[in-house]
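Hydrogens, waters and symmetry mates are skipped; everything else that's a heavy atom, side chains included, is used.
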Amino acid sequence: MQQKILVARAVFPDVIDRLSQYFEVAANQADHVYADQELVEKMTGMDGLLTTGSERITAAALAANPGLKAVCNMAVGYNNIDVDAATRSGIMVTNTPDVLNETTADFAWALMMATARRITEAEHWLRAGKWVKWRYDTLLGADVHGSTLGIIGMGRIGQAIARRSSGFGMQVIYHNRSRLTADLEGRANDAQFVSKEVLLRTADHVMLVLPYSPETHHTIGAAELALMKPSATLTNVARGGIVDDVALIAALRERRIASAGLDVFENEPALHPDFLTLPNVVLTPHIASASESTRRAMANCAADNLIAALCGTSPPNLLNPAVRRKE
Ligand code: 8YV
């Protein structure tokens, strides 16, 4: 009998066609966002799932579907999936690393530069008809070239961001769970490992690229924001919840830091309404990996993992190799 899969959200039609050559596919091309319980019901009888970062795959959802064999996330982050529970239930979990490193690094730079040089604020000002004369102090921003870039979370995306800084004559400092090898530090524009406190006190531009977990929840809160320079910017392309949004809003409002560039938010897509009232924040809707070719690569990577997982070979991006395959 043909195995069944659920593709939980809309995806490129040719990826559905590809998966249909192997499986009976329940697709959601209408892109309905399933509530948690609705998703559990849709999972019933499925052998595999193709999810995005928006679906919460909890221990309860997994327990309600004992026949499930694989959950393949179309994202590098996988904090939406209870991987430990999946491992205990013999369910393989995969993600899509590497294919989005460079695209996400490009976007992180775009966001940091827009934040430092007040690009969106300037455009709103111009569109509002406020540009009636040149002034020496109109929309003055912070330089990026020659400044110190502080990266928290120096994985593959963090390193790709650091590499780009060499053309800007920047000094790179970073903080990470573990220090990189000397070779990797060299390739990351001679990045220097420092404590989180030194990074926050020293960096002109702080960039967050670390994965979300209970341990990294509110890595940046009121205390950390208080360490930053009043002229500094903060860019988050990682996950909502790494920053305490309420504390950040207060710091931006009181100009305790200069500005922030945010692609991710607590409770997204329902971001805190106060962000919309602040001029010194650049807001984007979780699109750091959203180039045409990268989103295609992510979808195909998730499909590759699902096909391998259900057709008896080892998925290329298996996150829980301890899992015992179900027959
Ligand atoms: C995705 C991401 O767009 O890969 C990740 O972890 O955050 C983004 O690239 C998003 O999670 C969709 O699944």
Should the heavy atoms of other residues, nucleotides or ligands under 6.0 Å from NZ of K4 be counted, would the total exceed 12? no
Look only at the side chain of N320 and the backbone of V93, and say whether a donor-acceptor pair between them is shorter than 3.5 Å. yes
With sequence neighbours excluded, tell me which residues meet ring-ring contact (aromatic ring centres under 6.0 Å, His included) with F23. none
Can any side-chain N or O of T216 pair as donor or acceptor with the backbone N or O of S213 at less than 3.5 Å? yes
Where do V40 and A64 come nearest, in terms of heavy atoms and distance? CG1-CB, 3.7 Å
Main-chain N/O of H32 paired with N28 side-chain donor or acceptor, under 3.5 Å: yes
Counting only heavy atoms not in H124 (residues, nucleotides, ligands), do more than 12 fall under 6.0 Å from its NE2? no
For residues R118 and S259, is any side-chain donor paired with an opposing acceptor at under 3.5 Å? no
Does NZ or CZ of R296 fall inside the cone over F12's six-membered ring, less than 6.0 Å from its centre and within 45° of the axis? yes
Please assess I257 against T233 for the test side-chain contact (heavy atoms from CB on, under 4.5 Å), listing each intermediate value before the final yes or no. CA-CA 7 Å; I257 68 168; T233 72; over 6 Å; no
Over all heavy atoms of both residues, which pair between N317 and C301 is shortest? Give the atoms and the distance, please. OD1-SG, 3.3 Å
In terms of heavy-atom contacts, Y174 and A191 come closest through CD2-CB, 3.6 Å
Could you work out, with side chain to side chain contact (heavy atoms under 4.5 Å, CB included) as the rule, every residue matching Y22, not counting sequence neighbours? I307, C311
Here the gap from Q192 atom CD to L180 atom CG, rounded to the nearest 0.5 Å, amounts to 12.5 Å
Do the charged groups of D183 and R187 touch, with an N to O distance under 4.0 Å? yes
Kindly state each residue pair satisfying salt bridge (charged side-chain N to carboxylate O under 4.0 Å, His left out) with at least one member in residues 231-240, sequence neighbours excluded. none
Could you state whether L234 and I157 fall into the same hydrophobic cluster, counting links through intermediate Ile, Leu, Val, Met, Phe, Trp or Tyr residues with side-chain heavy atoms under 4.5 angstrom apart? no
When hydrophobic residues are tied together by side-chain contacts of less than 4.5 Å, even through go-betweens, does I249 share a cluster with V243? yes
Got a sec, which pairs hit ring-ring contact (aromatic ring centres under 6.0 Å, His included) with one end in residues 67-122, sequence neighbours left out? W109-F168
What's the separation between atom CD1 in I81 and atom CG in L319, rounded to the nearest 0.5 Å? 7.5 Å
Any ion pair linking E38 and K42 (charged N to carboxylate O, less than 4.0 Å)? no
Side-chain atoms of residues 275-287: list all donor-acceptor pairs with protein atoms under 3.5 Å, sequence neighbours left out, distances to 0.1 Å.
{"unit_1": "T277", "atom_1": "OG1", "unit_2": "D274", "atom_2": "O", "d": "2.7"}
{"unit_1": "N280", "atom_1": "ND2", "unit_2": "L252", "atom_2": "O", "d": "3.0"}
{"unit_1": "N280", "atom_1": "ND2", "unit_2": "A258", "atom_2": "O", "d": "3.1"}
{"unit_1": "T284", "atom_1": "OG1", "unit_2": "L262", "atom_2": "O", "d": "3.4"}
{"unit_1": "T284", "atom_1": "OG1", "unit_2": "D263", "atom_2": "OD1", "d": "2.8"}
{"unit_1": "H286", "atom_1": "ND1", "unit_2": "E268", "atom_2": "OE2", "d": "2.5"}

Residues that D47 engages under salt bridge (charged side-chain N to carboxylate O under 4.0 Å, His left out), provided they are two or more places apart: K69
How many angstroms lie between CG in N305 and OG1 in T94, if you round to the nearest 0.5 Å? 3.5 Å
Testing L306, I5, L68 one by one against L49 for a side chain to side chain contact (heavy atoms under 4.5 Å, CB included), which residue passes? L68
Would you give the length of the straight line joining atom CD of E55 to atom OH of Y34, rounded to the nearest 0.5 angstrom? 9.0 Å
By salt bridge (charged side-chain N to carboxylate O under 4.0 Å, His left out) - contacts of R117 (at least two apart): none
Anything under 3.5 Å between a donor and an acceptor, one on a side chain of residues 142-156, the other on a protein residue two or more places apart or in another chain? List them.
{"unit_1": "S147", "atom_1": "OG", "unit_2": "V144", "atom_2": "O", "d": "2.5"}

Hydrophobic cluster membership, with links at side-chain heavy-atom distances under 4.5 Å among I/L/V/M/F/W/Y: are V209 and V264 in one? no
Looking only at atom types and distance, does a side-chain atom of N176 sit under 3.5 Å from a main-chain N or O of R179, one as donor and one as acceptor? no
Do you see a donor-acceptor pair shorter than 3.5 Å between the side chains of R18 and N300? yes
For residues V7 and V11, report the shortest heavy-atom separation together with the two atoms involved. CG1-CG1, 3.9 Å
Mind running ring pair (Phe, Tyr, Trp, His ring centres under 6.0 Å) on F193 and H175 for me, showing each step along the way? CA-CA 6 Å; F193 183 72; H175 185 69; 5.8 Å; yes
Nearest heavy-atom pair of N73 and T52: which atoms, and what distance? OD1-O, 3.2 Å
Main-chain N/O of A290 paired to T294 side chain as donor or acceptor, under 3.5 Å: no
What distance do D14 atom CG and S20 atom OG have between them, rounded to the nearest 0.5 Å? 11.0 Å
Verify the distance criterion only: is there a donor paired with an acceptor across the side chains of E266 and H217 at less than 3.5 Å? no
Decide whether T58 and D82 meet the rule of one side-chain donor and one side-chain acceptor closer than 3.5 Å. no
With sequence neighbours excluded, residues passing salt bridge (charged side-chain N to carboxylate O under 4.0 Å, His left out) with E215: none
Interatomic spacing from CG in N79 to CZ in R56 - rounded to 0.5 Å: 11.0 Å
On a heavy-atom basis, the closest approach of N95 and A75 is CB-O, 3.2 Å
Atom pairs and distances, donor-acceptor, side-chain atoms in residues 221-229, under 3.5 Å, two or more places apart:
{"unit_1": "E224", "atom_1": "OE1", "unit_2": "G221", "atom_2": "N", "d": "2.8"}
{"unit_1": "K229", "atom_1": "NZ", "unit_2": "T202", "atom_2": "O", "d": "3.1"}
{"unit_1": "K229", "atom_1": "NZ", "unit_2": "D204", "atom_2": "OD1", "d": "2.9"}

Using the salt bridge (charged side-chain N to carboxylate O under 4.0 Å, His left out) criterion, which residues pair with D190? Sequence neighbours excluded. none
Within a 6.0 Å radius of atom CZ on R177, are there more than 12 heavy atoms belonging to other residues, nucleotides or ligands? no
Can you pull out every ring-ring contact (aromatic ring centres under 6.0 Å, His included) where at least one residue sits in residues 287-311? Sequence neighbours excluded, please. none
